[in-house]
Amino acid sequence: MFYDLTVVQFSKILNNLNNFLDKAAAHAEAKKYDVSVLLNSRLAPDQFNLIRQVQIACDTAKLGVARLTGKVELAPVHADTETTLPELKARIQAVLDYLATFTPADFAETAERHISQPRWEGKYLTGYEFAIQHAIPNIYFHVTTAYAILRHNGVDLGKKDYLGSLPYKS
């Protein structure tokens, strides 16, 4: 279950985020402005810009899975220096490649694993709590915010872009 809730879903939502960026580039090109205008946009003065939303979504995916599986030391390190669309897309791809290295067996001990972060000052969550109450909501928060920044700036995105392809049956 944890594999499906994290690796599978995080990969899907990061691919969707990648598609948002493609649409953002096409929109900027069609309207004849530099895509960096979108990358540096935010919805509120005290909110992170689109670049930082993408970085945090990537960090949430890679570090969430790394913490859930007890493999934090293997997570790729990113310096948060991306400023261009190709750099952001490369970061997303690096995280997707990393997520692809996991299997359901990696999550065998996840539910009861104690997971902490430095800013939690010695407190922890179980793997179950961390996945359900922190990692999953956090990635969707930042991807939703990226979506909203782009929509606010006129990029033609809709619910189907956000949800991505669905495994319909007939």
Side-chain angles (χ1 to χ4, degrees), residues 1-26 35-36 38-42 47-110 113 115-120 125 127-151 155 157 160-167:
M1 173 183 83
F2 289 106
Y3 175 83
D4 291 331
L5 289 173
T6 59
V7 173
V8 173
Q9 290 303 309
F10 291 178
S11 296
K12 180 179 180 177
I13 199 68
L14 288 177
N15 275 308
N16 295 350
L17 179 59
N18 209 22
N19 292 335
F20 299 173
L21 296 179
D22 290 341
K23 285 195 166 193
V35 74
S36 67
L38 294 174
L39 299 180
N40 290 292
S41 293
R42 61 188 78 224
Q47 181 187 57
F48 290 132
N49 65 16
L50 179 63
I51 290 170
R52 191 72 183 121
Q53 301 297 338
V54 172
Q55 292 168 336
I56 295 171
C58 288
D59 287 351
T60 299
K62 72 181 181 186
L63 294 173
V65 169
R67 287 181 175 115
L68 288 167
T69 59
K71 298 181 179 188
V72 176
E73 70 284 350
L74 301 177
V77 175
H78 295 100
D80 295 338
T81 57
E82 296 87 2
T83 59
T84 67
L85 189 66
E87 291 171 340
L88 287 174
K89 291 177 70 62
R91 181 168 177 157
I92 292 169
Q93 189 58 55
V95 173
L96 289 168
D97 292 345
Y98 172 68
L99 294 176
T101 67
F102 289 89
T103 67
D106 292 315
F107 293 83
E109 306 296 322
T110 293
R113 179 171 274 122
I115 298 176
S116 188
Q117 297 183 26
R119 68 178 184 270
W120 292 357
L125 296 172
Y128 175 84
E129 293 164 337
F130 176 79
I132 300 300
Q133 296 187 38
H134 180 77
I136 294 168
N138 198 47
I139 194 169
Y140 286 112
F141 173 85
H142 289 286
V143 172
T144 298
T145 303
Y147 171 93
I149 290 169
L150 293 173
R151 284 285 294 141
V155 177
L157 292 170
K160 288 183 180 181
D161 297 298
Y162 185 85
L163 294 176
S165 63
L166 299 173

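The analysis underlying the following values was restricted to heavy atoms, covering all of them including side chains, and did not include hydrogens, waters or symmetry mates.
Taking a 6.0 Å sphere around OH of Y140, one finds it holds more than 12 heavy atoms contributed by other residues, nucleotides or ligands.
For A61 against L14, the heavy-atom pair with the smallest separation is CB-CD1, 3.7 Å. Residues I115 and G127 come closest through the heavy atom pair CD1-CA, 3.6 Å. Residue L50 comes nearest to A146 through the heavy atom pair CD1-CB, 3.4 Å, listed as atom of the first residue, atom of the second, then distance. Nearest heavy-atom pair, A57 versus L17, reported as atom, atom and distance to 0.1 Å: CB-CD2, 4.2 Å. Across all non-hydrogen atoms, the minimal contact from G64 to A135 is CA-CB, 4.5 Å. The minimum heavy-atom distance linking A131 with P137 is given by the pair O-CD, 3.9 Å.
Side-chain atoms of Q133 never come within 3.5 Å of backbone atoms of E129 as a donor-acceptor pair (strictly under, hydrogens ignored). Listed for the K62 side chain is a donor-acceptor partner under 3.5 Å among the backbone atoms of P76. A donor-acceptor pair under 3.5 Å links the side-chain atoms of N40 to the main chain of S36, judged by distance alone.
The CD1 atom of I92 lies 5.0 Å from the CG atom of L21; values are rounded to the nearest 0.5 Å. Between L63 atom CG and Q117 atom CD the span is 8.0 Å, to the nearest 0.5 Å. Considering CG of L5 and CG of L68, their distance stands at 10.0 Å, rounded to 0.5 Å.
Put simply, the side chain of D161 does not reach to within 4.5 Å of the side chain of N19, judged on heavy atoms. Put simply, the side chain of N49 does not reach to within 4.5 Å of the side chain of L39, judged on heavy atoms. A heavy-atom distance below 4.5 Å is found between the side chains of I136 and F10. Using a 4.5 Å cut-off on side-chain heavy atoms (C-beta onward), Y162 and L157 make no contact. Counting only heavy atoms from C-beta outward, the side chains of V65 and F107 approach each other to under 4.5 Å. At a threshold of 4.5 Å between non-hydrogen side-chain atoms, the residues L85 and L38 do not count as touching. A heavy-atom distance below 4.5 Å is found between the side chains of Q55 and R91. Looking at R113 and F2, their side chains never come closer than 4.5 Å, going by heavy atoms from C-beta outward.
Evaluation of the side chain to side chain contact (heavy atoms under 4.5 Å, CB included) rule for Q47 yields R42, L43, A44, Q53, T145, I149 as partners, not counting sequence neighbours.
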Would you give me the side-chain donor-acceptor pairs under 3.5 Å for residues 95-106, sequence neighbours excluded?
{"residue": "D97", "atom": "OD1", "partner": "Q93", "partner atom": "NE2", "Å": "2.8"}
{"residue": "T101", "atom": "OG1", "partner": "Y98", "partner atom": "O", "Å": "2.6"}
{"residue": "T103", "atom": "OG1", "partner": "A105", "partner atom": "N", "Å": "3.4"}
{"residue": "T103", "atom": "OG1", "partner": "D106", "partner atom": "OD2", "Å": "3.4"}
{"residue": "D106", "atom": "OD1", "partner": "K71", "partner atom": "NZ", "Å": "2.8"}
{"residue": "D106", "atom": "OD2", "partner": "T103", "partner atom": "N", "Å": "2.7"}

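Evaluation of the side chain to side chain donor-acceptor pair (under 3.5 Å) test over residues 1-18, restricted to residues two or more places apart or in two chains, returns N18-K89.
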